[in-house]
Amino acid sequence: MCVGQGMDRIDATQIPEPGLVVLDVTAPDEATAHAVMAQLERLWATSGITPVRREPGVPGVRARVHADIRRPGTPPSPFDWTYSAGV
(Lines give C-alpha, C1' and ligand atoms only; values in the text may rest on other atoms or scores of the structure.)
Protein backbone atom coordinates (compact mmCIF):
# COMPACT_ATOMS: atom_id res chain seq x y z
CA MET A 1 0.00 0.00 0.00
CA CYS A 2 1.23 3.44 -0.83
CA VAL A 3 1.18 5.80 2.14
CA GLY A 4 0.14 9.34 1.27
CA GLN A 5 1.76 12.35 2.80
CA GLY A 6 0.54 12.98 6.33
CA MET A 7 -0.95 9.51 6.76
CA ASP A 8 0.66 7.14 9.22
CA ARG A 9 1.49 3.61 8.17
CA ILE A 10 -1.04 0.95 9.01
CA ASP A 11 0.35 -1.72 11.32
CA ALA A 12 -0.83 -5.06 12.68
CA THR A 13 -2.24 -3.50 15.87
CA GLN A 14 -4.87 -1.67 13.79
CA ILE A 15 -6.05 -4.84 12.02
CA PRO A 16 -5.46 -7.65 14.54
CA GLU A 17 -8.20 -9.95 13.26
CA PRO A 18 -10.30 -10.71 10.16
CA GLY A 19 -13.13 -8.26 9.56
CA LEU A 20 -11.30 -5.16 10.77
CA VAL A 21 -10.26 -2.67 8.08
CA VAL A 22 -8.56 0.70 7.85
CA LEU A 23 -9.75 2.88 4.98
CA ASP A 24 -7.92 5.95 3.72
CA VAL A 25 -10.35 8.37 2.09
CA THR A 26 -9.15 10.97 -0.43
CA ALA A 27 -11.72 13.46 -1.70
CA PRO A 28 -11.76 16.82 -3.48
CA ASP A 29 -13.25 18.63 -0.45
CA GLU A 30 -14.33 18.18 3.17
CA ALA A 31 -18.03 17.89 2.34
CA THR A 32 -17.38 14.94 0.02
CA ALA A 33 -15.08 13.24 2.55
CA HIS A 34 -17.71 13.65 5.29
CA ALA A 35 -20.44 12.27 2.99
CA VAL A 36 -18.32 9.19 2.21
CA MET A 37 -17.59 8.59 5.89
CA ALA A 38 -21.29 8.97 6.72
CA GLN A 39 -22.18 6.33 4.10
CA LEU A 40 -19.51 3.96 5.45
CA GLU A 41 -20.97 4.48 8.94
CA ARG A 42 -24.34 3.27 7.64
CA LEU A 43 -22.79 0.10 6.22
CA TRP A 44 -20.52 -0.96 9.08
CA ALA A 45 -19.50 -0.09 12.61
CA THR A 46 -16.84 2.60 12.09
CA SER A 47 -14.73 5.10 13.98
CA GLY A 48 -17.23 7.72 12.80
CA ILE A 49 -16.60 10.99 11.01
CA THR A 50 -12.88 11.48 11.57
CA PRO A 51 -10.83 14.68 11.18
CA VAL A 52 -10.02 15.67 7.61
CA ARG A 53 -6.47 16.72 6.72
CA ARG A 54 -5.49 19.16 4.01
CA GLU A 55 -1.85 19.44 3.01
CA PRO A 56 -0.44 22.49 1.23
CA GLY A 57 0.39 21.77 -2.40
CA VAL A 58 -1.48 18.44 -2.41
CA PRO A 59 -4.89 18.34 -4.09
CA GLY A 60 -7.91 17.27 -2.08
CA VAL A 61 -8.34 16.25 1.54
CA ARG A 62 -7.64 13.00 3.35
CA ALA A 63 -9.16 11.11 6.26
CA ARG A 64 -8.76 7.68 7.81
CA VAL A 65 -11.64 5.49 8.97
CA HIS A 66 -11.45 2.26 10.99
CA ALA A 67 -14.29 -0.20 10.42
CA ASP A 68 -15.50 -3.58 11.57
CA ILE A 69 -17.25 -5.12 8.57
CA ARG A 70 -18.68 -7.90 10.75
CA ARG A 71 -20.93 -5.45 12.58
CA PRO A 72 -23.77 -3.54 10.93
CA GLY A 73 -23.72 0.22 10.81
CA THR A 74 -26.28 2.72 11.96
CA PRO A 75 -29.36 3.16 9.78
CA PRO A 76 -30.14 6.74 8.78
CA SER A 77 -32.55 8.73 10.88
CA PRO A 78 -35.69 9.99 9.11
CA PHE A 79 -34.50 13.46 10.12
CA ASP A 80 -31.05 13.00 8.53
CA TRP A 81 -31.08 15.35 5.54
CA THR A 82 -27.60 14.36 4.35
CA TYR A 83 -28.71 10.78 3.60
CA SER A 84 -30.78 11.81 0.59
CA ALA A 85 -28.03 14.04 -0.81
CA GLY A 86 -26.20 11.10 -2.42
CA VAL A 87 -22.54 10.95 -3.30
Side-chain angles (χ1 to χ4, degrees):
M1 180 183 131
C2 178
V3 177
Q5 295 178 356
M7 293 300 244
D8 297 330
R9 288 194 172 277
I10 297 169
D11 63 41
T13 63
Q14 294 171 311
I15 48 171
E17 57 191 72
L20 301 180
V21 297
V22 178
L23 304 162
D24 288 332
V25 175
T26 301
D29 55 49
E30 288 188 34
T32 303
H34 286 165
V36 169
M37 289 186 278
Q39 292 297 326
L40 290 170
E41 198 169 38
R42 289 181 178 96
L43 291 173
W44 305 307
T46 73
S47 54
I49 306 294
T50 61
V52 175
R53 299 177 183 168
R54 183 179 300 276
E55 297 179 40
V58 178
V61 296
R62 290 170 178 73
R64 178 167 283 173
V65 179
H66 298 257
D68 183 343
I69 64 170
R70 303 165 299 185
R71 295 178 37 212
T74 306
S77 160
F79 302 106
D80 184 358
W81 298 98
T82 59
Y83 182 71
S84 62
V87 175

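- Using a 4.5 Å heavy-atom threshold, the side chains of Arg62 and Asp24 count as separate.
- Distance check, rounded to the nearest 0.5 Å: OG1 of Thr46 to CD1 of Ile69 gives 13.0 Å.
- Between Ala33 and Val61, the shortest heavy-atom distance links the atoms CB-CG2, 4.0 Å.
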Trace of the side chain to side chain contact (heavy atoms under 4.5 Å, CB included) decision for Val22 with Arg64: CA-CA 7 Å; Val22 178; Arg64 178 167 283 173; 3.5 Å; yes
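- Here the CD1 atom belonging to Ile49 is positioned 8.5 Å from the CG atom belonging to Leu40, to the nearest 0.5 angstrom.
- In this structure Arg70 satisfies the side chain to side chain donor-acceptor pair (under 3.5 Å) test together with Glu17, Asp68, sequence neighbours excluded.
- With sequence neighbours excluded, the residues satisfying side chain to side chain contact (heavy atoms under 4.5 Å, CB included) with Thr50 are Met37, Ser47, Ala63, Val65.
- Summarising the geometry, atom CZ belonging to Arg53 is positioned 11.5 Å from atom OG1 belonging to Thr26; distances are rounded to the nearest 0.5 Å.
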